[in-house]
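Some notes on the structure that comes next.
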Amino acid sequence: MLAQICQFFAVDSSNFPKNELVFVGDKSSDGGFLIHYFINLCQKQNRPLCFVGLSQSFNHYNSVAQKLGTNLLSARDENKNLIFIEGLKLISECVSLHSGQFNESNPFLSLLKGDSTQFVNTIDASLANLAKIQSPNAPVVIVDDLSVLLRSGATPKDIILLVNSLNNIITLGPTKGSLIIFSSLDKDEENELCAFLSHLCSVKIEITNLKSGYCKDVHGQIEVLWKDSLLNPREPKTTHSQFKLFDKSVELFALGMSAAVL
C-alpha cells in the first residue's frame, strides 16, 4: 500500500514533505485508509508524530498499523517518537451527561467553549517532548477527524481559529513540520470549514464515491491538488485516481481503468 500511494502522490517514501498543510476531505465512507497511510509513512521514516485521535481509540489505530507492518505501541512507549492524544476519550468526558465534575486540565473542555488556547498549548508541549529525541526529521501532526469537534458542539469559527493557530506553530514556525487534517464532509454546516481548509492548505486531497453509484470492484476516487504556496513554490498540479480497498492494501488505478470495467 505504501509504495503505490507514494507513487500516486509523487512523494518520496524516505522523505516526508516539509512545511505542508494537508487537508483530507472525505465525502465517502472509505477515506480512512489515507490516515493509516500517513501513520505508516511516518513510522517507516522514524519521523516524530503527534496524533490527535478524535474518531477512534489508540487500540484501533494500532490494530490497523500492525496489519500494515508497524507497531504504534512500541513507537509510543519505547521509541518515544509517537505521542497519541486520546481525543475521543477526552471529548466523551466533556459531553457525557453522567459526569458530575469536569477535569479542568482536559484541553477539549475549553475548546468546546470557544477557547483553543489550552489545546494548542497541548500540541506545542507535545512537539517540545518529541524534540527531545533529537530526530533529524521534522515532526508531523495528524488530526483525525476534525468534524467530530463540530458534532461535539464546537462552531466552525472556533475550529478555524484552532487550525490557524496549529498552522502557525507547526508549518510556519521553527519546527518546519507538516500538519495533516482529516475531516468527513457530510453535513451542510461543514461547508464553511471545508472552504476555509481548502483555501489554507497547500495540499488538498478529496475522496468521493463514484458518481455512477456503488461498485464492488471500485470503492471510490481520489483527487489530489498540490497548490503553489509561499513555503513550497511550485506549479499547481491535480491528479486523479480510483481505488479499491483490501484488508491490508489498496489498489489504485486511472479513472475508468479498473479491470472490472475493461
Side-chain angles (χ1 to χ4, degrees), residues 1-17 22-89 126 130 133 135 137 139-148 178-184 203 205-210 214-222 224 241-253 258-260:
M1 182 176 83
L2 187 66
Q4 191 174 16
I5 298 180
C6 282
Q7 183 179 12
F8 170 65
F9 285 158
V11 169
D12 184 350
S13 62
S14 63
N15 185 20
F16 200 95
V22 182
F23 168 44
V24 183
D26 185 13
K27 294 183 178 180
S28 72
S29 58
D30 297 312
F33 74 91
L34 279 181
I35 289 297
H36 300 291
Y37 157 74
F38 284 119
I39 294 174
N40 197 16
L41 184 61
C42 288
Q43 292 304 301
K44 293 293 185 183
Q45 297 178 9
N46 196 29
R47 186 169 297 278
L49 171 63
C50 175
F51 192 99
V52 184
L54 300 175
S55 63
Q56 300 287 348
S57 67
F58 174 80
N59 288 337
H60 166 81
Y61 295 106
N62 188 43
S63 176
V64 176
Q66 288 180 328
K67 290 183 179 180
L68 300 178
T70 58
N71 190 325
L72 299 188
L73 190 63
S74 175
R76 185 190 66 180
D77 298 341
E78 298 177 16
N79 300 332
K80 306 295 185 182
N81 63 350
L82 167 66
I83 292 178
F84 188 91
I85 298 175
E86 289 276 10
L88 182 61
K89 178 182 177 181
S126 298
L130 289 172
I133 65 176
S135 170
N137 299 317
V140 176
V141 176
I142 299 177
V143 181
D144 173 35
D145 169 335
L146 204 62
S147 63
V148 173
S178 290
L179 172 62
I180 301 171
I181 294 176
F182 183 91
S183 184
S184 301
V203 182
I205 304 173
E206 187 170 89
I207 306 154
T208 59
N209 294 316
L210 295 176
Y214 171 78
C215 175
K216 68 176 182 178
D217 294 303
V218 184
H219 293 152
Q221 56 190 45
I222 312 173
V224 181
S241 179
Q242 292 179 335
F243 65 88
K244 179 179 181 180
L245 299 177
F246 298 90
D247 186 41
K248 297 182 180 181
S249 64
V250 60
E251 180 183 357
L252 300 177
F253 35 80
S258 166

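Listed here is the closest heavy atom pair of Phe84 and Gln56: CZ-O, 4.3 Å. The two atoms that bring His36 and Tyr61 nearest to each other are CE1-CD2, 3.8 Å, heavy atoms only. Between Leu54 and Gly87, the shortest heavy-atom distance links the atoms CD2-CA, 3.8 Å. Closest approach of Asn209 to Ser28, counting heavy atoms only: OD1-CB, 3.1 Å. The minimum heavy-atom distance between Gln221 and Gln242, with the atom names listed, is OE1-NE2, 3.5 Å.
With Thr70 contributing its side chain and Ala65 its backbone, the two residues share a donor-acceptor pair below 3.5 Å. Between the side chain of Thr208 and the backbone N or O of Lys27, no donor-acceptor pair lies under 3.5 Å. Distance alone, capped at 3.5 Å, places no donor-acceptor pair between the Asp145 side chain and the Ser55 backbone. At least one donor-acceptor pair under 3.5 Å links the side chain of Asn62 to the backbone N or O of Leu72. A donor-acceptor pair is defined here as one N or O able to donate and one able to accept, closer than 3.5 Å; such a pair exists between the side chain of Asp26 and the backbone of Gly31.
Using a 4.5 Å cut-off on side-chain heavy atoms (C-beta onward), Ser183 and Phe23 make contact. Considering only heavy atoms from C-beta on, Ile5 comes within 4.5 Å of Leu34 through its side chain. Counting heavy atoms from C-beta outward, Ile207 and Val24 have side chains that approach closer than 4.5 Å. Using a 4.5 Å heavy-atom threshold, the side chains of Phe182 and Ile142 count as separate. Counting heavy atoms from C-beta on, the side chains of Phe243 and Phe33 come closer than 4.5 Å. Between Ser57 and Glu86, some side-chain heavy-atom pair lies under the 4.5 Å cut-off. Between Phe38 and Val140, every side-chain heavy-atom pair lies at or beyond the 4.5 Å cut-off. Using a 4.5 Å cut-off on side-chain heavy atoms (C-beta onward), Ile222 and Glu206 make no contact.
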Margin query: Please determine whether side-chain contact (heavy atoms from CB on, under 4.5 Å) holds for the pair Val250 and Tyr37, giving the CA-CA distance in whole Å, both sets of side-chain angles, and the decisive distance to 0.1 Å.
Written below: CA-CA 10 Å; Val250 60; Tyr37 157 74; over 6 Å; no
Check: Could you walk me through whether Asp144 and Phe51 pass the side-chain contact (heavy atoms from CB on, under 4.5 Å) check?
Finding: CA-CA 8 Å; Asp144 173 35; Phe51 192 99; 3.9 Å; yes
Next item on the list: Go through the steps for Leu130 and Cys50 under the test side-chain contact (heavy atoms from CB on, under 4.5 Å), then give the verdict.
Entry: CA-CA 8 Å; Leu130 289 172; Cys50 175; 4.1 Å; yes
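Note that CD1 of Ile180 is 7.0 Å distant from CD1 of Ile35, once rounded to the nearest 0.5 Å. The distance from the CD1 atom of Ile133 to the NZ atom of Lys80 is 11.0 Å, given to the nearest 0.5 Å. Here the straight-line distance linking atom CD of Glu251 with atom CG of Leu245 works out to 10.5 Å at 0.5 Å rounding.
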Could you pull out every donor-acceptor pair under 3.5 Å between side chains of residues 41-49 and any protein atom, sequence neighbours left out?
residue: Gln45; atom: OE1; partner: Phe16; partner atom: N; Å: 3.1
residue: Gln45; atom: OE1; partner: Arg47; partner atom: NE; Å: 3.0
residue: Gln45; atom: OE1; partner: Arg47; partner atom: NH2; Å: 3.1
residue: Gln45; atom: NE2; partner: Ser13; partner atom: O; Å: 2.6
residue: Asn46; atom: OD1; partner: Asn81; partner atom: ND2; Å: 2.6
residue: Arg47; atom: NH1; partner: Ala138; partner atom: O; Å: 2.8

